[in-house]
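Take a look at the structure set out below.
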Amino acid sequence: MQKLIIEGKKELRGKIFISGSKNASLPILAASILCNQASLQNVPLVKDIFTMIELLEYIGLKIKISEKKNILKIYNNDKNIKTLAPYKLVKTMRAGVLVLGSLLTKYGKAKVSLPGGCAIGTRPVDLHLFALKKLGANIKIKNGYIIAEAKKGLKGTTINFPSISVGATENALLAAYNAKGKTIIKNCAIEPEIKDLILFLNKLGANIKISGRTITIFESENKNYKIDHDIMFDRIETGSFIIASALIGKKIIIDRINPKIIKTEINILKKIGVKIKIKKTSVTILKSKNLKPMKILTKPYPGFPTDLQAQLMVLLTQANGVSKIKEAIFENRFMHVPELNRMGANIETKNNIAIIKGPTKLMGAEVMATDLRASVSLVLAGLTAENRTIINRIYHLDRGYEFLETKLKSCRAVIKRV
Ligand code: EPZ
């Protein structure tokens, strides 16, 4: 198994180009089942994307990857389509469950493995199934699979989500694409990645409007089956590099982003004392000292994202005082804490609240990655710590960060993969 070796305390300076968003690409790849031909630009070629490509090819789509240009060309001639998403592909990449909505709305049936839980939580899909049943699907669970049918097609309706879910909102949107009549979905997640999916579906001839947390899908005839789409930037990768720059940067430009989309994160980081200069498509982070402690609650967009919680925690280990983070989205997303404490941090957790006492001097250590975002928090700690940090099980990192060490090395970090 590969590991990362980091020599800490090397001041970063230079420019980082942000990749396309993994969490926009995955639902858009699931939506590409609805096309005959789609060309996707700025796709991050990370492990989860390759797993989703494998799933789409298993279903019967043809996919051409041009790695150098991060372009995927996807073809669906509707021949030999398997409306099945097998356990072996869904268990490692839970977003595979998103093909459920597309298969159901286009082919009237789907058999999709229940994704099962992961390190950060049980990750149920009851809200996904709730929405599909509302649209008239007949759903059975058998031998660990979701068996969905809609022989007479799906019928538009009003869906009122009892709680906010990104994936369930995406599956409902995908299923509503061919539903007869109008569908109104209330209490939706409205992450930027969902807006990118809506852009993609509207290019496919859907007529989707979003207002507040309500999304309306009007019935539309003029479906278009050949489209191009440029995937939005990865706002979580951006936040991760802004925090790295605040921890150990002298001057870092983070380019190819839309700072308006990460307003909440930028405002919170500025309050902590991070020096951020904002331009139209980039931010510049200057050396930040005298960091202030902060109280943070993770929330659905536009609140502070749970996917940046671990990274922010590393920054707060360097703040002058006691900070508090409440993880309100997932039930077990503090697995980076014991590893950070082994590096010298002073963090106590009680249920879903972490108390971080700073500033603490971080020392290099051998540590273990446990999930995607916890892994990158260990990289941030390693860059900040004295001496050498060795991070094991970095396959977690490779699921969602494209060229991480290359991007850091280009800013003078001393980091290598072995
Ligand atoms: C998406 O996961 C992201 N993944 C996650 O990013 C992100 O952390 C999460 O949204 C929250 O922003 C992708 O987009 C591929 P949810 P998702 O449904 O859709 C509960 C990363 O690091 N829930 O919004 O699975 C659920 O257990 C990943 O890139 C139900 O109870 O998240 C959680 O507590 C990690 N029933 C909460 O809702 C359901 O049917 C939010 O989950 C669905 C979810």
Side-chain angles (χ1 to χ4, degrees), residues 19-31 44 46-49 51-52 55 90 92-101 112 114-134 139 141 146 159 161-175 185 187-197 213 231-232 234-240 262 264-265 297-311 326-333 335-336 352 369-377 396-402:
S19 298
S21 161
K22 163 181 84 82
N23 290 351
S25 302
L26 292 170
I28 285 172
L29 279 166
V46 294
K47 183 86 183 62
D48 275 5
I49 299 298
T51 310
M52 182 61 105
L55 173 55
V90 178
T92 52
M93 206 275 304
R94 302 183 58 270
V97 75
L98 293 174
V99 302
L100 182 57
V112 173
L114 278 166
C118 74
I120 64 176
T122 50
R123 314 292 295 274
V125 290
D126 55 309
L127 295 171
H128 298 235
L129 305 183
F130 160 78
L132 299 181
K133 280 181 197 155
K134 280 272 181 191
I139 304 266
I141 304 288
I146 302 160
I159 300 166
F161 277 121
S163 65
I164 293 172
S165 157
V166 171
T169 302
E170 291 166 343
N171 241 330
L173 272 168
L174 292 165
I185 315 175
N187 200 24
C188 293
I190 51 172
E191 269 64 3
E193 295 77 24
I194 288 180
K195 291 174 188 152
D196 211 22
L197 172 63
R213 285 197 181 279
I231 300 283
M232 67 172 280
D234 193 311
R235 62 189 169 100
I236 305 301
E237 182 193 16
T238 304
S240 307
I262 51 172
T264 302
E265 296 87 325
L297 170 66
T298 61
K299 288 201 276 194
Y301 194 88
F304 189 85
T306 172
D307 290 352
L308 264 186
Q309 173 258 107
Q311 300 90 317
K326 181 166 184 183
E327 170 52 64
I329 305 286
F330 288 109
E331 60 266 38
N332 182 34
R333 205 169 195 177
M335 279 166 302
H336 43 286
N352 60 348
T370 49
D371 62 272
L372 171 57
R373 307 301 175 182
S375 324
V376 85
S377 76
H396 289 292
L397 264 180
D398 297 338
R399 294 190 51 176
Y401 285 90
E402 189 182 44

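Any value given below was found using the heavy atoms of this structure, including those in side chains, with hydrogens, waters and symmetry copies removed. Every value quoted in this text rests on a predicted model; they were computed, and no experiment measured them. All ligand and atom numbering here is 1-based and tracks the order in the structure. The first residue in the sequence is number 1, and the count goes up from there.
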Whether [X] side chain and [Y] backbone form a donor-acceptor pair below 3.5 Å:
X      : Y      : answer
Asn332 : Ala119 : yes
Glu191 : Val166 : no
Arg123 : Pro115 : no
Asp196 : Met232 : yes
Asn352 : Glu327 : yes
Gln311 : Val376 : no

- Message: Under a 3.5 Å cutoff, is there a donor and acceptor pairing between the side chains of Ser375 and Tyr401?
- Response: no

Which bit of [X] is near ligand 1, meaning a heavy atom under 4.0 Å away: side chain, backbone, both or neither?
X      : value
Ala168 : neither
Arg373 : side chain
Leu372 : side chain

Ligand 1 atoms in contact with [X] (distance to a heavy atom under 4.0 Å):
X      : result
Arg94  : 25 (O)
Thr306 : 8 (O), 11 (C)
Gly167 : 18 (O), 19 (O)
Arg123 : 2 (O), 17 (P), 25 (O), 27 (O)
Ile329 : 33 (C), 34 (O), 37 (C), 41 (C)
Val125 : 39 (C), 40 (O)
Lys22  : 21 (C), 29 (O)
Arg333 : 8 (O), 22 (O), 35 (C)

Purely on distance, is any nitrogen or oxygen of [X] under 3.5 Å from one on ligand 1?
X      : value
Leu127 : yes
Asn23  : yes
Val166 : yes

- Strictly under 4.0 Å, does any heavy atom of Ala189 approach an atom of ligand 1? no

- Starting from atom 31 (O) of ligand 1, locate the nearest protein heavy atom and write down its residue, its atom name and how far away it is, to 0.1 Å. Pro124 CG, 3.4 Å

- Item | Distance-minimising heavy-atom pair for Glu170 and Pro27 | OE2-CG, 3.5 Å

- Answer yes or no for atom 20 (C) of ligand 1: protein heavy atom present at a distance under 4.0 Å? no

- Message: Quick test of your reading: applying side-chain hydrogen bond (donor to acceptor under 3.5 Å, both in side chains), list the pairs with at least one residue in residues 124-133, sequence neighbours left out, ordered by first then second residue.
- Response: His128-Asn171

- Which residues share a side chain to side chain contact (heavy atoms under 4.5 Å, CB included) with Thr370, sequence neighbours left out: Met335, Ala374

